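Let me give you the structure first, and then I'll get to my questions.
Predicted, not measured: the structure shown is a model, and the values here were computed from it.
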Amino acid sequence: MVKIIQAFIPKQNRNRPANRMKPLYITVHNTSNTAKGANAASHAAFVARSSTGVSWHYTVDDQVIYQHLPLDENGWHAGDGRGTGNMKSIGIEICENVDGNFEQAVENAQWLIRKLIGDFGIPLSNVVPHKHWSGKECPRKLLGRWDHFKAGIATAHSGSKSTRKPVQAKSLSQKAPVSKQKSSNLPSGILKVTKPLTKGPQVTAVQKALSSLHFYPDKGAKNNGIDGYYGPKTANAVKRFQLMNGLAADGIYGPKTKKKIEQLQKK
């Protein structure tokens with residue numbers, strides 16, 4: 001049995017959209033943050049900040065589990081915009097802090113997933129890695145042993161069931177392990193960015209626009225990956241946006257993609 005602490009993101013935050021959902025999937029992530037102290041409490045403080053653009057339901061470390069969202073509300077964690085990953089799955093982050101025991105954190109996550117499977121009737125086949133939705137190499141420390149990880153869900157802690165009432169956290173440190181970001185609309189006059197690794201303020205604007213629609217945030221990178229370089233990550237985010245919006249999925253930011261992004265930003 002692992003202690004679960006409820007520390008919900010404030011209702012007024014932009015990363016708590018409050019869209020009602022019935023979870024059909026469980027999506028597993030790694031935090032990609034190995035810093036000392038980057039445990040579940042630290043990530044709970046991060047998602048509680050008003051400037052944070054991403055959100056998920058649970059963060060798990062080797063000692064405790066923090067819950068950030070009610071399970072009937074969606075988060076922004078899967079990188080597929082308003083696709084199934086964000087709108088129909090429970091997001092779980094597993095901590096990698098160097099002063100923690102990663103393997104114990106994995107076991108704690110397996111226990112949590114087993115509990116959620118029982119609570120919601122979600123089949124084991126619907127426990128998926130972040131990569132399933134966006135192509136991102138996440139959870140980076142589990143993809144190479146994904147079958148083994150899922151087997152552990154089916155067998156670990158067999159028969160155990162949490163009876164502990166979740167604890168409501170009274171306060172959280174505002175020290176965040178990840179850089180904050182702000183969304184912005186695209187400036188006029190941006191028509192097309194086609195060359196890999198093209199750089200400049202126009203590329204930054206494209207990245208921020210994709211971030212505002214929950215396709216681009218890379219929580220493991222400096223400034224969430226908004227760097228002004230049109231490299232593979234940006235092209236991948238553009239391609240995912242195109243796939244989800246009925247456009248030719250070529251990873252190129254052209255006039256049709258620009259128009260669709262601007263339409264969605266106005267909603």
Is there a donor-acceptor contact under 3.5 Å from the side chain of Asp62 to the main chain of Phe102?
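The answer is no, because no donor-acceptor pair under 3.5 Å joins these two groups.
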Value rounded to 0.5 Å, distance of CD1 in Ile65 from CG in Leu112
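CG of Leu112 is found 4.5 Å from CD1 of Ile65.
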Looking only at heavy atoms, what is the nearest atom pair of Gly85 and Thr27, with distance?
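For Gly85 versus Thr27, the nearest heavy atoms are O-OG1, 4.5 Å.
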Can any side-chain N or O of Gln67 pair as donor or acceptor with the backbone N or O of Leu69 at less than 3.5 Å?
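Checked: pair present.
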Gln63 backbone acceptor or donor facing Gln104 side chain under 3.5 Å:
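Side chain of Gln104 to backbone of Gln63: no pair is present.
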Can you name the nearest heavy-atom pair linking Arg140 to Thr34, along with the distance?
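Looks like NH2-CG2, 3.5 Å.
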Within the distance-only criterion (no hydrogens, no angle test), does the side chain of Glu96 pair as donor or acceptor with the backbone N or O of Ser32 below 3.5 angstrom?
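Yes, the answer is positive, given that a donor and an acceptor are paired below the 3.5 Å cut-off.
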Spacing of NZ belonging to Lys258 relative to CD belonging to Gln263, to within rounding of 0.5 Å:
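These two atoms lie 10.5 Å from each other.
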Donor-acceptor check, side chain of Asp80 to backbone of Asn86, threshold 3.5 angstrom: yes or no?
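Looks like yes, one N/O pair under 3.5 Å.
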Donor + acceptor pair across side chains of Ser55, His68 (<3.5 Å)
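There is no such pair between these side chains.
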Mind checking whether Trp111 and Val127 sit in one hydrophobic cluster, side chains of I, L, V, M, F, W, Y counted as touching below 4.5 Å?
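Yes, one cluster joins them.
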Any idea which heavy atoms bring Pro10 and Ala48 closest together, and the distance?
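Where Pro10 meets Ala48 most closely, the heavy atoms are CD-O, 3.7 Å.
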Provide the closest heavy-atom pair for Gly79 versus Ser134 in the form atom of the first, atom of the second, distance.
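Nearest pair, atom of Gly79 first, then Ser134: O-CB, 3.9 Å.
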Check: Asn19/Asn74 side-chain N/O donor and acceptor closer than 3.5 Å:
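A donor-acceptor contact under 3.5 Å links the two side chains.
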Would you name the heavy atoms of His77 and Ser89 that are closest together and state the gap between them?
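Taking His77 first and Ser89 second, the nearest heavy atoms are CE1-OG, 3.2 Å.
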Rounded at 0.5 Å granularity, tell me how far NZ in Lys115 sits from CD1 in Ile153.
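Output value for this atom pair is 15.0 Å.
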Test side-chain contact (heavy atoms from CB on, under 4.5 Å) applied to Ile261 and Phe215, step by step:
CA-CA 11 Å; Ile261 287 175; Phe215 280 88; over 6 Å; no
Close side-chain approach of Leu264 and Phe241, heavy atoms under 4.5 Å
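A side-chain contact exists here, since the closest heavy-atom pair is under 4.5 Å.
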Return the orientation label for the His130 and His29 ring planes: parallel under 30°, perpendicular over 60°, tilted otherwise.
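If you compare the ring of His130 with that of His29, the planes turn out tilted.
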Run the salt bridge (Lys or Arg N to Asp or Glu O under 4.0 Å) test against Arg82 and tell me which residues pass, sequence neighbours left out.
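For Arg82, no residue satisfies salt bridge (Lys or Arg N to Asp or Glu O under 4.0 Å) once neighbours in sequence are set aside.
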So, the side chain of Asp61 versus the backbone of Ala40: is there a donor-acceptor pair under 3.5 Å, distance only?
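It does hold such a pair.
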With the threshold set at 4.0 Å, does a side-chain nitrogen-carboxylate oxygen contact exist between Glu262 and Lys266?
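No, this pair does not count.
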Would you say Thr257 and Gln242 make side-chain contact, with heavy atoms under 4.5 Å?
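A side-chain contact exists here, since the closest heavy-atom pair is under 4.5 Å.
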With a 4.5 Å heavy-atom cut-off, do Leu142 and Ile94 have their side chains touching?
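In contact.
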Honestly curious: do Ile90 and Val2 fall in one hydrophobic cluster under the side-chain, below-4.5 Å linking rule?
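Yes, Ile90 connects to Val2 through the hydrophobic network.
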Between atom CD of Gln12 and atom OG of Ser50, what is the distance when rounded to the nearest 0.5 Å?
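Nearest 0.5 Å value for the CD-OG distance: 8.0 Å.
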Do Val47 and Tyr66 have side-chain heavy atoms sitting under 4.5 Å apart?
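Side-chain contact under 4.5 Å: no.
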Return each pair, listed once, that meets salt bridge (charged side-chain N to carboxylate O under 4.0 Å, His left out) where at least one residue sits in residues 125-134; pairs must be two or more places apart or across chains.
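Sorted result for residues 125-134: Lys131-Glu137.
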How long is the span from the CG atom in Leu124 to the CD1 atom in Ile113, to the nearest 0.5 Å?
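Answer for the CG-CD1 pair, Leu124 versus Ile113, is 9.0 Å.
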Quick one, Val203 and Tyr253 - any side-chain contact, counting heavy atoms below 4.5 Å?
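No. Closest side-chain heavy atoms not under 4.5 Å.
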Check: Tyr230 main-chain N/O paired with Thr234 side-chain donor or acceptor under 3.5 Å:
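Not at all, since once roles are kept as given, no pair shorter than 3.5 Å links the two residues.
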Check the pair Leu71, Tyr58 against side-chain contact (heavy atoms from CB on, under 4.5 Å), reporting the backbone distance first and the verdict last.
CA-CA 10 Å; Leu71 300 181; Tyr58 293 99; 3.3 Å; yes
Taking Asn126 for its side chain and Ile26 for its backbone only, find out whether a donor-acceptor pair lies under 3.5 Å.
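Not a single qualifying donor-acceptor pair exists.
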Indicate if Ile92 and Leu24 have the same hydrophobic cluster label, given that clusters are the connected sets of ILVMFWY residues with side-chain heavy-atom separations under 4.5 angstrom.
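No, separate clusters.
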How many angstroms lie between NE2 in His57 and CG in Leu116, if you round to the nearest 0.5 Å?
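That separation rounds to 10.0 Å.
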Minimum heavy-atom separation for Cys95 to Ala38, with atom names?
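Nearest pair, atom of Cys95 first, then Ala38: SG-O, 3.8 Å.
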Contact list for residues 238-254, test salt bridge (charged side-chain N to carboxylate O under 4.0 Å, His left out), sequence neighbours left out
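Of all non-adjacent pairs touching residues 238-254, none passes salt bridge (charged side-chain N to carboxylate O under 4.0 Å, His left out).
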Are Trp146 and Val106 connected, step by step, through hydrophobic side chains (Ile, Leu, Val, Met, Phe, Trp, Tyr) whose heavy atoms are closer than 4.5 Å?
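Yes; tracing contacts between hydrophobic side chains, which count when under 4.5 Å, links both residues.
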Linked, directly or transitively: Leu143 and Trp133 (ILVMFWY side chains, under 4.5 Å)
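No, because Leu143 and Trp133 fall into different hydrophobic clusters, even though each may have its own neighbours under 4.5 Å.
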Glu93 side chain to Thr31 main-chain N or O, any donor-acceptor pair under 3.5 Å?
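Present.
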Is the closest side-chain heavy-atom distance between Pro70 and Arg20 below 4.5 Å?
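When only atoms from C-beta onward are counted, Arg20 and Pro70 do not touch, as no gap falls below 4.5 Å.
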Under 3.5 Å, is there a donor-acceptor pair between the side chain of Gln207 and the main chain of Tyr229?
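Yes: the side chain of Gln207 pairs with the backbone of Tyr229.
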